[in-house]
Amino acid sequence: MALDKEIKQQLAQYLELMEGDVVLKVSADSEKASENMLELTDELAAMSSRIKVEKAELERTPSFSVNRPGEETGIVFAGTPLGHEFTSLVLALLQVSGRAPKVDGKVIKQVKNIKDTLHFETYISLTCQNCPEVVQALNTMSVLNPNITHTMIDGAVFKDEVERKNIMAVPTAYLNGEPFTNGRKTLEEILAELGSGTDASEFEGKEPFDVLVVGGGPAGASAAIYAARKGIRTGIVAERFGGQILDTAAIENFISVKHTEGPKLATGLEEHVKEYNVDIMNLQRAKRLEKKDLFELELENGAVLKSKSVIVATGARWRNIGVRGEAEFRNKGVAYCPHCDGPLFEGKDVAVVGGGNSGIEAAIDLAGITNHVTVLEFGSELKADSVLQDRLYSLPNVTVIKNAQTTEITGTDKVDGISYIDRETGEEHHVGLAGVFVQIGLVPNTDWLGDTVERNRAGEVVVDKRGATNVPGVFAAGDCSDSAFKQIIISMGSGATASLSAFDYLVRHQTETVSV
């Protein structure tokens, strides 16, 4: 599978950054998947004198390991790492060659202190925008610690293995042969799951903030930047920096940027915040907010942070259908990301629940991969834009069922069907299938606030045009608020508004404590 001219030009620039020699040990046969992999490894060797290719017998074929001469690093790619995983390959080559990974020194120390022998295997699809985060994190851990190894496995190449293990969502990581974690995870999140996370003691002694932002998505990042630029003491608490956009594939309505991807934008947000004097507390979930002399934010780990003002920007999450079988079969046929998990259902029958833009876009994408797609819409009409509906109805392998109330997702060890009631006739129906993609909108992440601030029936924080809540000194922005529309650009604007309003509040109420 030859690389196109543009990719080769970019790759050549990266390969010049290699600091030492690298040996690719290749296990291949005569099958097409091996031919594709050999074409890639041979092309890499032809492009850099620092890369050598050797034949080997590895656990899986086709696969290749990335090593230093005379030293096994434990990094293996089972399949051909193109698509979203091409960056993972480039980073592996650079890091194995001796180029230091761009990882915080504290995190590097945590990785190097791991004494146990850890063998990770990550099942991915090349169309998954979330998978590279896990692959790159585990590869970096393997480079830093000889006790750790990692194999990336392309589920489309090793279908039998995926079927045998009932893997129906990616990324899915195994540790020492046992299921370890699902979904997008940063290196820090993986360390936390291994028991090396941040505890409450590391937050002791922090001085009160002028502005404390809760949430690290577009709204939270924007709020933190605007606050820090005012020269006031700013902190940001994020459950995962980037928030919901980490699960967004293509973004084509971010003005002045014709096309980008969610993870790329999330990285840009974090890098921009880090340009300023902001205390970033990532991987921390807020538990409670209380007003005393100052506002006190309690975290799930027990730590308590104090601030003179607070901006709530905790975003939203996928809304669940709330029927029997949904929770039981999550990652076993119930999925929420068609771009990530769609390839695992190649040639099978699936359903999409939801007739809005996200649901119809998912159905169109899945129709090109799966055998048949059934769209279930609760209302009497689809809500998606007409251009999407026209495209959907032009597809021969899609069935649209309206007035359908989903009642159950069925299965034993994995999904085997979905049941619904026809809301017009009251009749019950069942459709046999292998996967259900839920696309019915979002629910705000505001449960932790309780009655601290006013929320509407949907759980959204009620704000005025300045982003202020009913509690003086508390502001809200983004998808967790009652904004009319949920869009990235709107969230960023509301974050800026809330931050400027918080600064104005501080100036008006606590002038003597604010340094400007």
Side-chain angles (χ1 to χ4, degrees), residues 22-28 33 37 41 54 56-81 85 88-89 91-97 101 103 107-126 128 130-197 331 344:
V22 168
V23 178
L24 305 181
K25 295 186 177 181
V26 180
S27 179
M37 187 191 68
T41 55
E54 297 179 359
E57 292 291 331
L58 303 180
E59 182 178 352
R60 294 175 180 85
T61 298
S63 67
F64 65 94
S65 60
V66 184
N67 310 283
R68 301 182 186 93
E71 179 185 349
E72 301 286 339
T73 62
I75 295 177
V76 177
F77 292 95
T80 306
E85 292 299 342
S88 301
L89 171 60
L91 289 175
L93 291 171
L94 293 178
Q95 291 177 15
V96 171
S97 79
V103 179
V107 174
I108 291 176
K109 184 177 180 181
Q110 286 178 307
V111 173
K112 289 185 175 181
N113 285 340
I114 294 174
K115 304 301 181 185
D116 297 331
T117 298
L118 306 178
H119 175 52
F120 292 97
E121 297 170 312
T122 306
Y123 293 86
I124 61 94
S125 66
L126 298 180
C128 170
N130 292 321
C131 295
E133 182 91 50
V134 177
V135 172
Q136 291 164 25
L138 293 173
N139 281 350
T140 297
M141 290 174 66
S142 299
V143 169
L144 294 172
N145 190 324
N147 296 324
I148 301 173
T149 63
H150 175 237
T151 300
M152 181 216 80
I153 304 165
D154 183 358
V157 175
F158 295 90
K159 292 181 180 179
D160 292 344
E161 192 171 334
V162 167
E163 291 279 350
R164 187 171 65 253
K165 292 185 175 181
N166 280 332
I167 295 170
M168 306 185 76
V170 292
T172 290
Y174 276 64
L175 172 57
N176 296 336
E178 298 295 328
F180 172 63
T181 192
N182 296 98
R184 183 187 184 92
K185 295 288 191 304
T186 63
L187 200 163
E188 292 90 339
E189 287 175 302
I190 291 170
L191 288 172
E193 292 197 30
L194 290 170
S196 302
N331 296 326
L344 297 177

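We number each residue from 1, following the sequence as shown. These numbers come from a predicted model, not from an experiment.
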Of all residues at least two apart in sequence or in a different chain, which pass the side-chain hydrogen bond (donor to acceptor under 3.5 Å, both in side chains) check with Ser125?
-> none

Take atom CG of Asp160 as the centre, draw a 6.0 Å sphere, and report whether it contains more than 12 heavy atoms from other residues, nucleotides or ligands.
-> no

Are the charged groups of [X] and [Y] less than 4.0 angstrom apart, N to O?
X      : Y      : answer
Glu189 : Arg184 : no
Lys25  : Glu57  : no
Lys185 : Glu193 : yes

Looking at residues at least two apart in the chain, or sitting in another chain, which of them share a side-chain contact (heavy atoms from CB on, under 4.5 Å) with Thr172?
-> Ile167, Tyr174, Asn182

Are any side-chain N or O atoms of Asn176 and backbone N or O atoms of Thr117, one a donor and one an acceptor, separated by less than 3.5 Å?
-> yes

Side-chain heavy atoms of His119 within contact of Thr151, under 4.5 Å = yes

Pairwise side-chain contact, Thr149 with Phe120, heavy-atom cut-off 4.5 Å (strictly under) = no

Could you verify whether a donor N or O on one side chain and an acceptor N or O on the other, from Thr140 and Gln95, lie under 3.5 Å apart?
-> yes

Donor-acceptor side-chain pairing of Ser27 and Thr61 below 3.5 angstrom = yes

Candidates Asp154, Thr122, Ile124 - the one meeting side chain to side chain contact (heavy atoms under 4.5 Å, CB included) with Cys131 | Ile124

